[in-house]
Amino acid sequence: MRKHERAGQTQFLMNTASNTPQKRILTGDRPTGRLHLGHYAGSLVNRVKLQNDYETYILLADVQALTDNYERPETLQAHIREVVLDYLAVGLDPKRCAFVVQSLVPEIAELTIYYLNLVTLARVERNPTVKTEIKQKFGHEVPMGFVCYPVSQCADITAFGAHLVPVGDDQKPMIELTREIVGRFNQYYGETLVLPEGMYAEVSRLPGIDGQAKMSKSLNNAIYLSDDADTLKKKVMSMYTDPQRIRGTEPGNVEGNPVFTYLDAFHPNTALIDELKERYRQGGADEKGKPLMGDVVVKRELIDCLNSLLDPIRTRRAEFEKDDAYLWDVISDGTRRGRARAGEVMEAVRSAMKLNYPVKL
Ligand code: ATP
Ligand code: MG
């Protein structure tokens, strides 16, 4: 483990095969709590792969977290720490990925202000998330910070000159708005900003342990990467399965049964899972009347499978947890690298907008 090395200062990784500069990727998370299996399947695995081929910036989006947690700013520091521990534990390499604290890159806020001139309220209100929240929750009393968050996401992406943004296809509207704003900027002020592209993964949302469509922190239905074996066991044993199946001897449903969804997502042995599914579908009893394939058997398989997945993650996390100084070093270094990049972009933006006055400060 590279625990005691200082985080690298690599500014620009070269693509070894072609010796051309690597393309840049921007991803991120709102630091609102520990990361769970949904994050793992939905984004972390992909990021660990992509870090080998792209210069990666991972934004710890504390400013965005404030848009709906503004009355609890004191939680952010602990959450940033937890999220970065999860990153390191799953194998994100701080030399390849810059972990950047959003609020420490004021260029993002500055860009947001300039972009706000290039987009109308009506356009932002068509963003599905904004639209839904206004309709269902806020009405006209919607905080401006929330209305503007799609524009600030555009600033997040462009501040680092990201070429690619790996997201679920549900994030398409955000990429589209960003491309519109970038197009408009380049049209008014000259080719300056990189026109980013979405790198879409078809999202299959991991359901919650309660059977709800999405595992989510705020729904309290998540298995966290940092859950210990006991917690994991309790959670899996309490999992929702097939509500139609009253007795384990009855034929069971595999489709829409989250235990099987998790096995499909995480179990390496698909042949074994196919066999379990087949037997679960059939049901039936042994000579003593006991179910041939009860929920408990399937859940035990899932517990073993998740422990195999999580054990190395837990071990690495525990190591990193011992060294807070290293952790904040990694965050400082990543933020410095992010800020340096954003500074270059900002200079180009100011010059394109003719804001590069001959003023000496
Ligand atoms: P909150 O409850 O605060 O909204 P959350 O647990 O829903 O938190 P987010 O921070 O909203 O997590 O998720 C960030 C990103 O992580 C999503 O855009 C998605 O890419 C991925 N993700 C989150 N939950 C899941 C899930 N259940 N399945 C697949 N991907 C997920
Ligand atoms: Mg969410």
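Order of listing sets the numbers, starting from 1, for every ligand and every atom in it. Values reported hereafter were calculated over all heavy atoms of this structure, with side chains retained and with hydrogens, waters and symmetry mates removed.
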Ignoring hydrogens and geometry beyond distance, is a side-chain donor-acceptor pair present between Asp228 and Thr231 at under 3.5 Å? yes
For atom 9 (P) of ligand 1, state which one of His39, His36, Gln212 supplies the nearest heavy atom. His39
Residues Arg184 and Asn117: side-chain donor-acceptor under 3.5 angstrom: no
Side chains of Asp242 and Tyr280: do they bring a donor and an acceptor to under 3.5 Å? no
Please could you name the atoms of ligand 1 that Gly42 approaches to less than 4.0 Å, counting only its heavy atoms? 29 (C), 30 (N)
Give the atoms of ligand 1, by number and element, whose distance to some non-hydrogen atom of Arg30 is under 4.0 Å. 3 (O), 4 (O)
Geometric N/O contact Leu219 with ligand 1, under 3.5 angstrom: no
Step by step, would you call Glu278 with Arg281 a salt bridge (Lys or Arg N to Asp or Glu O under 4.0 Å)? CA-CA 5 Å; Glu278 202 37 53; Arg281 283 196 190 98; 3.5 Å; yes
Whether over 12 other heavy atoms sit under 6.0 Å from Gln282 CD: yes
Taking distance alone, with N or O pairs closer than 3.5 Å, would you say Asp29 contacts ligand 1? no
Are any non-hydrogen side-chain atoms of Ser332 and Arg336 less than 4.5 angstrom apart? yes
Just jot down the ligand 1 atoms closer than 4.0 angstrom to any heavy atom of Thr32, in number order. 3 (O)
Closest by any non-hydrogen atom to atom 2 (O) of ligand 1: pick that one out of Ala265, Gly38, Ser218. Ser218
Heavy-atom distances under 4.0 Å are what count here, so tell me which part of Leu206 touches ligand 1: side chain, backbone, both or neither. both
